[in-house]
Undergrad: 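Before anything else, here's the structure in question.
Counting starts at 1 for both ligands and their atoms, in listed order.
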Amino acid sequence: MKEDFLKYQAQTSLYPLGMEISHAKGCYIYDVQGNAHLDFVAGVSACSLGHCHPKVVEAIKKQADEYMHVMVYGEYAQSPAIEYAKLLQQNLPANLEVTYLVNSGTEAMEGALKLARRYTGRSQIIAAHNAYHGNTMGSLSLMDYEERKAPFRPLIPDVNHIRFNQDEDINLITEKTACVVLETIQGGAGFIVPENDYLKKIRDKCNEVGALLILDEIQPGFGRTGKLFAFEHFNCAPDILVIGKGMASGMPVGAFIAGRTIMDTLSDGPKMGHITTFGGNPVIAAASLATLQVLLDTSLIAETLEKEKLFRETLTHPKIKEIRGKGLMLALIMETPEIADRLVLEAKEKNLILFWLLFEKRAVRISPPLTISKEEILKGCRVILDILDGI
Ligand SMILES: Cc1ncc(COP(=O)(O)O)c(C=O)c1O
């Protein structure tokens with residue numbers, strides 16, 4: 001399998017991990033050699049309810065039996081997408097009224113950027129240093145990492161950057177600004193949590209100058225930080241909320257959500273200002289609905305904070321300099337990038353799945369399924385501590 005994987009499938013790096021997958025269940029991924037790998041990554045924060053959660057599988061099967069794709073997005077009334085958008089709205093601040101479903105996180109960000117420009121009639125976009133919002137041209141333009149951008153220029157113009165958590169830079173937001181785009185908790189940068197009412201100050205400035213605030217909750221959303229959405233911790237609601245990853249517990253999806261008057265500008269002048277064939281796909285919407293129902297009907301979200309505590313109490317070691325993040329979105333900051341690399345690679349050999357972050361090279365990601373048990377946490381932490389003892 002690995003040979004054909006390398007031969008026929010396009011690669012993102014020269015040395016992919018290349019684990020050969022047989023199946024996955026709960027917090028374990030099984031390889032074709034019969035090893036069970038404890039998953040501390042959840043497909044990079046995507047499998048919020050673990051692998052193949054029975055409620056999600058049942059919803060997918062049921063919907064696949066009824067109908068799958070029947071029409072492009074937005075023309076026909078299809079109950080999975082409608083019920084989902086309604087349940088989301090009931091669990092969001094009052095200004096976030098309508099949901100536009102798309103196929104991935106980055107596509108949701110593209111839609112949000114277009115919406116902000118269309119609604120405000122302004123072009124300037126402000127994003128943060130070390131932000132990650134995806135890899136299509138618009139999302140890539142938001143990134144402030146020349147090495148990754150240079151080969152793909154020219155990108156979209158009129159994007160400026162501010163430093164996350166730096167109050168002085170907030171004054172760069174002006175009447176020219178269409179939108180400010182921030183991850184509620186910065187992911188690739190090293191799981192950086194907003195401090196000192198930073199998001200509230202950004203919110204106030206946006207209100208003052210008439211700019212829209214877009215919050216990217218693609219990674220922290222859907223319970224991962226102990227609230228349904230991370231912005232609930234920070235006394236700040238966005239004008240446009242961008243979601244993805246964990247929303248369908250492993251199915252490909254994204255969405256952007258805004259107030260009715262804002263969102264309506266995408267359906268008129270031009271008509272169909274954003275279109276997608278598969279957005280709102282009924283099978284994916286059914287998986288999203290089942291995921292949200294489980295999150296709302298159980299104590300998984302609240303337990304996230306107890307599990308964070310257990311990780312923080314257990315993972316004390318001189319080689320771990322800091323643990324950043326919130327809930328089950330945690331980054332171990334090691335002494336050096338080399339130690340981070342060794343930890344991830346040696347853990348793989350011991351059947352524990354860990355992963356890196358995009359920009360912070362000293363970091364090791366811990367973002368397990370929210371369904372992980374305390375025993376599984378302790379088991380995985382033991383492996384980490386043993387490896388660090390040996391380094
Ligand atoms: C914060 C954030 N925004 C956007 C994206 C892009 O999402 P996708 O890979 O589904 O396009 C990611 C993916 O890692 C992300 O973490």
Undergrad: May I ask you to check whether Y73 and Y100 place their ring centres under 6.0 Å from each other?
TA: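 Ring centroids of Y100 and Y73 are less than 6.0 Å from each other.
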Undergrad: Can you tell me if K350 has over 12 outside heavy atoms packed within less than 6.0 Å of its NZ?
TA: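 No, because the 6.0 Å sphere around NZ of K350 holds 12 heavy atoms or fewer from other groups.
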Undergrad: Do K319 and L343 come within less than 4.5 Å of each other through their side chains, counting heavy atoms only?
TA: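 Of all side-chain heavy-atom pairs linking L343 with K319, none is under 4.5 Å.
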Undergrad: Taking the six-membered ring for Trp, are H69 and F278 parallel (under 30°), tilted (30 to 60°) or perpendicular (over 60°)?
TA: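 The rings of H69 and F278 stand perpendicular, inter-plane angle above 60°.
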Undergrad: Would the number of heavy atoms belonging to other residues, nucleotides or ligands and lying under 6.0 Å from CZ of R260 be above 12?
TA: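 Not more than 12 within 6.0 Å, no.
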Undergrad: For ligand 1, what is the set of protein residues having any non-hydrogen atom at a distance below 4.0 Å?
TA: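 Near ligand 1, by chain and number: S104, G105, T106, Y132, H133, G134, E183, D216, I218, Q219, K245.
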Undergrad: How are the rings of F256 and H274 set relative to one another: parallel (under 30°), tilted (30 to 60°) or perpendicular (over 60°)?
TA: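 Ring orientation of F256 relative to H274: perpendicular.
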